[in-house]
2 protein chains.
Amino acid sequence: MRLTTKGRYAVTAMLDLAINHNKDSVTLRNIAENQKISLSYLEQLFAKLRKQDLVKGMRGPGGGYRLARSADEISIAQIIRAVDEPMEFTDCHGLENCKGGERCLSHHLWVQLTDQLDDFLSNIYLGALMRESEQALEQRRTEPRQTGDRQKVTVPMH
Amino acid sequence: MRLTTKGRYAVTAMLDLAINHNKDSVTLRNIAENQKISLSYLEQLFAKLRKQDLVKGMRGPGGGYRLARSADEISIAQIIRAVDEPMEFTDCHGLENCKGGERCLSHHLWVQLTDQLDDFLSNIYLGALMRESEQALEQRRTEPRQTGDRQKVTVPMH
DNA sequence: TATAATACCTAGTATTTTAGTAGGTTATAA
DNA sequence: TTATAACCTACTAAAATACTAGGTATTATA
């Protein structure tokens with residue numbers, strides 16, 4: 001599991017979709033403008049999200065994208081896995097390449113580590129992020145931001 | 001916080017150092033051979049680790065590297081932060097750039113998300129990984145691996 | 001004191017990934 | 001019929017990753 005800006009683009013775009021779930025669909029053009037990413041690049045990211053059945057596209061005027069499932073059924077890990085190629089582990093075929101098993105081992109430990117990370121991100125759902133977002137937006141509307149007022153938005157796990 | 005193969009190289013190399021803490025030092029040449037990374041590239045990674053005071057180098061024959069602190073005081077997050085440049089968040093200066101605050105917000109949420117990730121990796125220490133590693137090595141020595149025997153090495157948190 | 005081993009340093013190049021561009025086609029609402 | 005959108009493919013640009021080459025500085029030891 002990698003974690004780069006590419007994954008961030010995808011998560012933010014998906015969040016955009018989740019926040020606008022009340023609308024029938026959101027066009028990539030809108031998202032591209034909001035996020036200042038090139039439209040065509042976004043299209044390429046969404047092709048991957050579509051293949052993983054995370055979004056659904058509708059053509060023609062009034063068309064656009066919407067989430068293929070409920071925001072509460074889409075985890076951050078799923079989004080990142082869809083666009084970020086998985087890390088490659090150089091495979092040491094059997095024991096013969098491994099001096100005293102040491103290489104194989106640290107290897108294995110790293111796999112475990114990324115598994116843990118995957119678990120972690122698998123338990124954060126788009127729905128939770130969305131509600132946090134709406135809440136913060138509401139808060140900002142009612143109590144306008146003061147200078148130096150850094151509101152902490154906690155992301156609840158599980 | 002990014003997470004790429006570069007960070008993996010660094011973590012594995014540091015684990016190598018931790019496992020060999022009984023020796024006075026380990027040469028980069030050894031690590032390079034174990035991990036099949038170019039020596040000079042490793043040197044560059046270790047320059048960063050040195051700057052963050054995670055390792056200590058000793059010159060001359062019999063020299064090499066050792067951990068600058070106890071393995072129980074070095075977290076995975078520290079290692080990754082040392083070598084992987086932090087993700088850049090496009091800064092939207094104040095409210096004027098943000099349409100309805102939406103952009104700022106997803107932005108902020110992403111910062112929170114990476115904070116969570118950072119917290120998570122900050123609570124896994126090299127010492128724990130090292131002990132797991134030694135344990136698994138011992139296990140392999142006493143009960144030789146059978147075909148299809150995938151031993152699960154758990155990484156304890158906290 | 002000479003030598004070899006090692007860290008340590010700098011400036012490159014090659015490769016891969018990320019990001020963007022261009023120019024399409026298909027589907028569909030109006 | 002037209003405009004709007006998804007959808008697709010091939011290419012280029014920019015950045016990051018990985019490596020190469022060729023040094024200097026330090027130090028144990030023969």
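Chain A is the first sequence line, chain B the second, and so forth, proteins listed ahead of strands; every chain is numbered from 1.
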* To do: Decide yes or no for A:Gln116 and B:Phe120: does some side-chain heavy atom of the first lie under 4.5 Å from some side-chain heavy atom of the second?
  => yes
* To do: Mind listing the closest non-hydrogen atom pair of B:Gly63 and B:Thr27 along with its distance?
  => O-CG2, 3.6 Å
* Near-strand residues of residues 43-57 of chain B, defined as heavy-atom separation under 4.0 angstrom from DNA chain D -> B:Gln44
* Can you sort out which residues in residues 75-86 of chain A have a heavy atom within less than 4.0 Å of DNA chain D? Ascending by number, please. => none
* Indicate yes or no: at least one non-hydrogen side-chain atom of B:Leu45 is less than 4.5 angstrom from one of B:Tyr9. => yes
* Where the side chain of B:Asp16 meets the backbone of B:Thr12, is there a donor-acceptor pair that is under 3.5 Å apart? -> no
* Flag the pair A:Lys48 and A:Glu43 as a salt bridge only when some basic side-chain nitrogen lies within less than 4.0 angstrom of an acidic carboxylate oxygen. => no
* To do: Step by step, work out the side-chain contact (heavy atoms from CB on, under 4.5 Å) result for A:Leu67 and A:Leu126.
  => CA-CA 10 Å; A:Leu67 299 181; A:Leu126 208 53; 4.2 Å; yes
* Base, sugar-phosphate, or nothing: which does A:Thr5 touch, judged by heavy atoms less than 4.0 Å apart? -> sugar-phosphate
* To do: Let me know the distance between NZ of B:Lys36 and P of D:dA18, rounded to the nearest Å.
  => 17 Å
* Single hit among B:Leu49, B:Ile79, B:Ile74 for side-chain contact (heavy atoms from CB on, under 4.5 Å) with B:Val55 -> B:Leu49
* Please check the phosphate of D:dA18 (OP1 and OP2 only) for any side-chain N or O of B:Tyr41 closer than 4.0 Å. => yes
* **Segment of DNA chain C, first to last nucleotide, that comes within the 4.0 Å heavy-atom reach of chain A** => C:dT17 to C:dA29
* With sequence neighbours excluded, residues passing side chain to side chain donor-acceptor pair (under 3.5 Å) with A:Lys23 -> A:Asn20
* **Atom of A:Ala13, atom of A:Phe46 and distance for their closest heavy-atom approach** => CB-CE1, 3.8 Å
* **Shortest non-hydrogen separation from B:Ile31 to B:Leu42 and the atoms involved** => CG2-CD1, 3.5 Å
* Provide, to the nearest angstrom, the distance between the CG atom belonging to A:Asp24 and the P atom belonging to D:dT4. => 19 Å
Please list, for nucleotides 27-29 of chain D, all pairs of protein and nucleotide N/O atoms separated by less than 3.5 Å.
none

* To do: Please check the phosphate of D:dA18 (OP1 and OP2 only) for any side-chain N or O of B:Ser40 closer than 4.0 Å.
  => no
* At under 4.0 Å between heavy atoms, what does A:Leu39 touch on the DNA or RNA strands: base, sugar-phosphate, or nothing? -> nothing
* Distance-minimising heavy-atom pair for A:Val26 and A:Leu17 -> CB-CD1, 3.9 Å
* Asked: Minimum heavy-atom separation for B:Ile80 to B:Met1, with atom names?
  -> CG2-CE, 3.9 Å
* How would you list all residue pairs meeting side-chain hydrogen bond (donor to acceptor under 3.5 Å, both in side chains) that involve residues 71-84 of chain B, not counting sequence neighbours? -> B:Thr4-B:Asp84, B:Asp72-B:Arg131, B:Arg81-B:Asp118
* **Gap between atoms CG and C1', on B:Leu3 and D:dA16 respectively (whole Å)** => 15 Å
* Mind checking B:Thr27 for me? I need base, sugar-phosphate or nothing, with any heavy atom below 4.0 Å counting as a touch. => sugar-phosphate
